[in-house]
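Single-structure report; data block below.
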Amino acid sequence: MKVLVPVKRVIDANIKVRVKADQSGVELNNVKMAMNPFCEIAVEEAIRMKEAGSVEEIIVVAAGPEKSQETLRTGLAMGADRGVLITSDTPLEPLSVAKLLKAVVEKEGTELVLMGKQAIDGDNNQTGQMLSALLGWSLGTFVSTIECNDGGYKVVREVDGGLESVQLTKPSVITVDLRLNEPRYASLPNIMKAKKKQIDYYTPDDLGVDVTPRVHVLKVVEPPPREAGIMVQSAAELVDKLKNEAKVI
Amino acid sequence: MSVLVIAEHDNAEIRAATLNTVTAAQQLGDDIHVLVAGADCAAAANVACQISGVTKVHVADAPEYAHDLVENIAPLIQQLAGDFSHVLAPASTYGKNILPRAAALLDVQQISDITEIQSADTFVRPIYAGNAMATVQSTDAIKLITVRTTAFEAAAETGGSATLEEVAATGDTGLSQFVGQELTRSERPELTTAGIIISGGRGMQSSENFAMLERIADKLGAAVGASRAAVDAGYVPNDYQVGQTGKVVAPDLYIAVGISGAIQHLAGMKDSKVIVAINKDEEAPIFQVADFGWAADLFKAIPEFEAALDDAA
Ligand SMILES: Cc1cc2nc3c(=O)[nH]c(=O)nc-3n(C[C@H](O)[C@H](O)[C@H](O)COP(=O)(O)OP(=O)(O)OC[C@H]3O[C@@H](n4cnc5c(N)ncnc54)[C@H](O)[C@@H]3O)c2cc1C
Ligand SMILES: Nc1ncnc2c1ncn2[C@@H]1O[C@H](COP(=O)(O)O)[C@@H](O)[C@H]1O
């Protein structure tokens, strides 16, 4: 079985983003970029499935600017077999990405898509759900355990009330949560090997997908700052402030 | 304009997040419909009819809607959506799971997690863990939106008298089956609706030590939350996690204990009215958002805080 793992290039999770002065977006120039952390978890899971013998080939796919190639190389260095890069300079919305991914799924004949639950730039949390709808496949979101079985996959989902188990019938889209696994670091030899792995290039046109945005970003601003607070020295002082000043207890 | 709100419920009761979503809907129109999709959900549908401001409740009562299976509920939303200008769901794990699947069936680009409505097509939403706020305008004919519940007041649970209409079920796709659930049981208030929250981080060091926070929670009528590090370490269940990728909360009082204040944690609590931070590291970033900071060892500070609460009671 082939598994597809969509990976997104985003600002590194440890970087504090800065809003551009012209309010058009956040500053991306000279900012450290990385693979979206949830996508790393998806790549790791695919590799573990391959190591366990339930997957033959792992294809990582990224959509976005040419530089997303670096993100694919990261996935290839972790252990994915091949890459697909869909280049687009138009910013891509989740619905467009889902349509592009559907085209790749159909081209490649994959039966499983493992992806992040959320990209930490737009915080949309949509693409996997949308892809599953377009494909008419079963969907497991926010997944922290995957068990391959005859029918498909038994997944544990992290929901607001706790945990929920669902049996998904193959083929499936699964979006992964933080506690599914701990992604590995790529070793130096694997980073070297990854440079030689194949990456196929497409454009949205090649895949017959119209990626014209439906939602326009009018402006991006910083959130209002919180006013500086004070330090207290004792429990009695804290309780007094909460009771008599803030009046919250 | 008619607005459809997808209710989150347990077949008997309507969950609180639905009430905040109704308030957001009221900013878009005055004909507010609610969809209650479930199995044996007549009780929940009746409760929904009482919500202030709701004009009509659509009830889809069929076995295939038990357990919120997304593959079955999304086609139902798709079938109903055509009559509405907007379809809203809470940005809870329920809404985040279901609405994007319905949006793709409708060929609509959903707008996630809105915190403000500027007009019928223009909304504000946080991006980058709340480090930036984007104003976005949708060109889709129907708007599908998830609502950040902390940004909108809850509608009154009573005072409404909506009409009830049964809708035909859309059938079982058979794509997935519910197997079971492990819900966290607690007598304390729910995190997302609690007026006071006390959260622990890696500094708590163990599951047992969380009992210190629970005792304070019980004194204050508070909920207990946690950072990702505390959840990953297994001190508390996953549903305690507050943050960018956990729950977003905005209580009157948030007490962070042994939490450093990573941006991903701040994303989930920095809109709290009053923030207290207790951390032994004076340089911890959590102090930058705290109204009241106390640089102290929590193992000394928490028992003292508990005693001081007793003294003040
Ligand atoms: C994609 C992604 C998503 C994430 N999502 C979330 C999320 O939703 N929520 C979340 O919380 N995090 C999230 N994180 C993790 C986040 O980056 C931090 O790693 C996490 O919040 C740290 O938790 P912490 O503050 O408990 O631990 P630490 O950063 O280790 O801080 C522990 C603190 O406890 C203090 N301390 C230790 N001992 C004591 C003591 N005896 N007395 C007093 N203070 C003490 C220390 O001084 C320190 O400040 C996410 C990260 C990524 C990459
Ligand atoms: N441009 C993209 N290229 C590849 N994968 C993407 C892209 N955008 C989103 N995804 C995938 O969809 C997941 C959820 O993203 P989102 O819906 O944007 O929060 C990510 O973790 C990726 O797996």
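Being a predicted model, the structure only gives us computed values, none of them experimental. The chains referred to below are lettered A, B, ... by the order of the sequence lines, with proteins before strands, and numbering in each begins at 1.
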Identify whether the distance between the nearest side-chain nitrogen and carboxylate oxygen of A/Asp160 and B/Lys96 falls below 4.0 Å.
->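 Result for this pair is no, no salt bridge flagged.
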
Report which part of [X] has an atom under 4.5 Å of a heavy atom belonging to chain B: side chain, backbone, both, or neither.
| X | value |
| --- | --- |
| A/Lys219 | both |
| A/Ser234 | backbone |
| A/Ile120 | both |
| A/Arg179 | side chain |
| A/Phe38 | side chain |
| A/Arg18 | neither |
| A/Ala13 | both |
| A/Glu237 | neither |
| A/Lys154 | side chain |
| A/Val232 | both |
| A/Leu135 | neither |

Which pair of heavy atoms, one from [X] and one from [Y], lies closest together, and at what distance?
| X | Y | answer |
| --- | --- | --- |
| B/Ala104 | A/Ala133 | CB-CB, 3.7 Å |
| B/Asp239 | A/Gly162 | OD1-CA, 3.6 Å |
| A/Asn124 | B/Ser112 | O-OG, 2.8 Å |
| A/Asp123 | B/Arg125 | O-NH2, 3.4 Å |
| A/Met130 | B/Val108 | CE-O, 3.5 Å |
| B/Phe292 | A/Ala246 | CE1-CB, 4.0 Å |

Would A/Val248 and B/Ile196 satisfy side chain to side chain contact (heavy atoms under 4.5 Å, CB included), going step by step from the backbone distance to the final call?
-> CA-CA 8 Å; A/Val248 284; B/Ile196 302 180; 5.8 Å; no

Hey, does [Y] have a side-chain heavy atom less than 4.5 Å from the side chain of [X]?
| X | Y | value |
| --- | --- | --- |
| B/Gln181 | A/Val159 | no |
| B/Val276 | A/Lys241 | no |
| A/Leu95 | B/Asp107 | yes |

Count the heavy-atom pairs under 4.5 Å between each of [options] and chain B, then report the option with the highest count.
| options | answer |
| --- | --- |
| A/Val10, A/Val220, A/Leu131 | A/Val220 |
| A/Ser138, A/Gly229, A/Ser165 | A/Ser165 |
| A/Val215, A/Asp240, A/Val217, A/Thr127 | A/Val215 |
| A/Leu139, A/Leu168, A/Val19 | A/Leu139 |
| A/Glu245, A/His216, A/Glu164 | A/His216 |
| A/Gly136, A/Ala98, A/Pro224 | A/Gly136 |

Can you tell me which portion of [X] sits under 4.5 Å from chain A's heavy atoms? Options are side chain, backbone, both or neither.
| X | value |
| --- | --- |
| B/Leu220 | side chain |
| B/Leu309 | both |
| B/Asp113 | neither |
| B/Val70 | side chain |
| B/Ala290 | backbone |
| B/Ala277 | neither |
| B/Phe287 | side chain |
| B/Glu306 | neither |

Side chain to side chain contact (heavy atoms under 4.5 Å, CB included) assessment of B/Asn238 paired with A/Phe142 = CA-CA 11 Å; B/Asn238 63 286; A/Phe142 328 142; over 6 Å; no

Would you tell me whether B/Thr245 and A/Gln118 have side-chain atoms, one donor and one acceptor, within less than 3.5 Å of each other?
->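 Looking only at side-chain atoms, A/Gln118 and B/Thr245 do not form any donor-acceptor pair under 3.5 Å.
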
Counting only N and O atoms by type, is there a donor-acceptor contact under 3.5 Å from the side chain of [X] to the main-chain atoms of [Y]?
| X | Y | answer |
| --- | --- | --- |
| A/Arg226 | B/Asp291 | no |
| B/Thr139 | A/Arg214 | yes |
| A/Gln126 | B/Pro100 | no |

Answer yes or no: does atom CD of B/Glu116 have more than 12 heavy-atom neighbours from other residues, nucleotides or ligands under 6.0 Å?
->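 More than 12 within 6.0 Å, yes.
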
